[in-house]
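Presented below is the structure to which this report refers.
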Amino acid sequence: MSELRVLTGITTSGTPHLGNYVGAIRPAVRASLAAGVESFYFLADYHALIKVGEPARIQQSTLEIAATWLAAGLEPERVTFYRQSDIPEIPELTWLLTCVTGKGLLNRAHAYKASVDKNLASSNDPDADVTAGLFMYPVLMAADILMFKAHQVPVGRDQIQHIEMARDIAQSFNHLYGEQLVLPQALIEASVATLPGLDGRKMSKSYDNTMALFAPREVLRKQIAGIVTDSKAPGEPKSTEGSALFEIYQAFASAEETAALRTAFAEGIAWSQAKEILFERIDREVAPMRQAYDSLMSDPARIESILQAGAVKARRLATPFMASLRRSVGLRPLAAGPGPAASAKKTARPSQPVFKQYREKDGKFYFKLVDATGRQLLQSRGFDLPRTAAEIVTRLQQISDFVAQEFAEHLEPISEVSPEEIGVALRALRVSESS
Ligand code: TRP
């Protein structure tokens, strides 16, 4: 109950590269193995639709990213691993949040502002090529996070503003409808490396300087051969400072291995040889995962079924929570009357089953449990004394009230089931056990 919930999403708009692995996937998989943490990882394919208008690419990227995370060691039994678009409660919550989100808040989002600024700079209409999807991006992201009551959201620095907006949106909602949404915090891992790319700048698809994560061995070797170095000849001492090659090595190597390469640099190792060492070191870590990745990629049905199982797990939380959020904003059955707590009590009261005590012709004392429609749910055996029957009735009432209360307090209600109905179900259970 009080476990720390960590949640993060990965937009399905590309193929994961080595920089994503070092900067996000590897630390996340490691963190997911920690005790006392409940992790949620999902494929943000609704977010991908904002940037990518090619159906085949969305599907392919979803497959590749899912396979990558699984190959990197994410254990779907241990975490909740799902695809955003398999959870219909997320767009549903998005709308409830949209209705408490100030338009001005969204006007200030960096991604939206950047598009507008670009348009203004080229004297276009400010909103040229800006979809409402881009504008609404932060609300969808808030729904992702708030749906699962995440405490911490590990993200890159570029996403901090989005987490702050999720907090703002949650606060507005809670203010209006009562404290229901958990305020999330961004988690920025200071210790995680940003990997330089082939040209020494940050490895990024937008710089076109990436190295493939699960490319065949020989492709990896060729890419490493392409890392930019200075033109020092073999035998000349080389500087580790500002060397992309050295930095990439460091992200994979142990402290001793790193120290050894530092010495080799000082001693004038040839670049070609240093690249070979880097290649073998990366390949050592990546090869077993590459094998797992290839086997997953050749069996999309297996990935699909893992994601389906993840969706079931996720929806076990999302469905009842969404139902209670709907009720709290006033989307609820008309017969239920005003106020969620009040309504449940008022309407359910008459349908409470009651114990009736009576005496039979055999002279013994009995009791039965009868529901509001007069249907008999329980029939006791006969007792010689009326007091015995009464004591048992009292005890049964105490037990079922206690259990019903425990349920109401510690479990999320399922859709429109009231605590009273749960009580009825539990009473029926008691009956079948004791008779
Ligand atoms: N916007 C995030 C990114 O581009 C992806 C994302 C979508 C996300 N929903 C999220 C991250 C919820 C964390 C939590 O990196």
Side-chain angles (χ1 to χ4, degrees), residues 4-17 19-29 31-32 37-52 57-58 61-62 64-66 68-69 74 79-87 89-94 97-98 101 106 109-115 131 133-170 181-189 192 194 202-206 307 310-311 314 317-318:
L4 181 72
R5 279 215 183 150
V6 178
L7 172 145
T8 200
I10 311 101
T11 309
T12 56
S13 55
T15 302
H17 54 67
N20 300 138
Y21 172 70
V22 168
I25 302 166
R26 191 174 62 184
V29 170
S32 78
V37 177
E38 204 180 342
S39 310
F40 293 73
Y41 297 97
F42 70 94
L43 305 159
D45 54 350
Y46 281 139
H47 279 99
L49 288 183
I50 294 167
K51 297 186 233 172
V52 182
R57 222 179 107 202
I58 296 279
S61 171
T62 304
E64 288 174 353
I65 292 176
T68 300
W69 281 75
L74 196 72
V79 304
T80 306
F81 183 53
Y82 56 99
R83 173 170 48 198
Q84 187 184 31
S85 65
D86 285 334
I87 317 296
E89 289 82 3
I90 291 174
E92 202 177 348
L93 178 56
T94 301
L97 299 178
T98 301
T101 301
L106 299 180
H110 298 323
Y112 169 70
K113 257 180 32 194
S115 296
T131 64
L134 176 67
F135 189 65
M136 290 285 298
Y137 189 110
V139 188
L140 178 58
M141 186 158 157
D144 291 333
I145 297 167
L146 302 175
M147 176 57 81
F148 295 101
K149 303 179 179 169
H151 304 105
Q152 291 186 346
V153 185
V155 284
R157 293 190 184 280
D158 60 324
Q159 297 293 317
I160 295 176
Q161 188 194 31
H162 290 148
I163 312 300
E164 282 164 0
M165 288 179 158
R167 288 176 68 88
D168 286 347
I169 295 169
L181 303 176
V182 171
L183 306 189
Q185 265 178 334
L187 184 69
I188 307 293
E189 275 257 29
V192 166
T194 350
K202 173 183 186 246
M203 189 178 291
S204 160
K205 212 171 58 175
S206 41
L307 291 177
L317 300 170

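When reading the values below, keep in mind they use all heavy atoms of this one structure, side chains included, and skip hydrogens, waters and symmetry mates. FYI, the numbering just counts along the sequence from 1. When a ligand or atom number is given, it counts from 1 through the structure's own listing order.
Taking the six-membered ring where the residue is Trp, the centroids of Phe135 and Tyr112 are separated by under 6.0 Å. Trp69 has its ring centre less than 6.0 Å from the ring centre of Tyr41.
Not one N or O of Lys51 is nearer than 3.5 Å to an N or O of ligand 1, by distance alone. Backbone and side-chain nitrogen or oxygen atoms of Thr8 are examined, and none is located within less than 3.5 angstrom of a nitrogen or oxygen of ligand 1.
For the residue pair Ser206/Ser204, the side-chain donor-acceptor check at 3.5 Å is satisfied.
Every atom of ligand 1 is numbered from 1 in the order shown, and the set under 4.0 Å from a heavy atom of Ala44 is 7 (C). Near Thr11, the atoms of ligand 1 lying under 4.0 angstrom from a non-hydrogen atom of the residue are 3 (C), 4 (O), 5 (C). The ligand atoms of ligand 1 that sit less than 4.0 angstrom from a heavy atom of Val153 are 13 (C), 14 (C). Residue-ligand proximity, Phe42 to ligand 1, at heavy-atom distances under 4.0 Å covers atoms 9 (N), 10 (C), 12 (C).
Residues Gly310 and Thr80 come closest through the heavy atom pair O-CG2, 4.0 Å.
Proximity of Ile145 to ligand 1, defined as any heavy-atom pair under 4.0 Å, is confined to the side chain (atoms from C-beta onward). Contacts of Val155 with ligand 1, taken as heavy-atom pairs under 4.0 Å, involve the side chain alone.
Using modelled atom types, one side-chain atom of Ser61 and one backbone atom of Gly14 make a donor-acceptor pair closer than 3.5 Å. Although no hydrogens or angles enter the test, the distance criterion places a donor-acceptor pair under 3.5 Å between the side chain of Thr131 and the main chain of Gly133.
Comparing Gln84, His47, His162 against atom 7 (C) of ligand 1, the shortest heavy-atom distance belongs to His47.
With hydrogens left out, the protein atom closest to atom 9 (N) of ligand 1 is Asp144 OD2, 2.8 Å, a heavy atom. Scanning the protein for heavy atoms near atom 6 (C) of ligand 1, the closest one is Gly9 O, 3.8 Å. When hydrogens are left out, the protein atom nearest atom 2 (C) of ligand 1 is Gln159 OE1, 3.4 Å; that is the closest non-hydrogen contact. The shortest contact between atom 1 (N) of ligand 1 and any protein heavy atom is with Tyr137 OH, 2.6 Å.
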Practice task
Check step by step if ring pair (Phe, Tyr, Trp, His ring centres under 6.0 Å) holds for Phe40 and Phe148.
Solution key: CA-CA 8 Å; Phe40 293 73; Phe148 295 101; 5.3 Å; yes
Exercise for the section: Dump the intermediate steps for side-chain hydrogen bond (donor to acceptor under 3.5 Å, both in side chains) on Asp45 and Ser85, then the final yes or no. Expected result: CA-CA 6 Å; Asp45 54 350; Ser85 65; 2.6 Å; yes
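Between Pro184 and Leu146 there is a side-chain heavy-atom pair separated by less than 4.5 Å.
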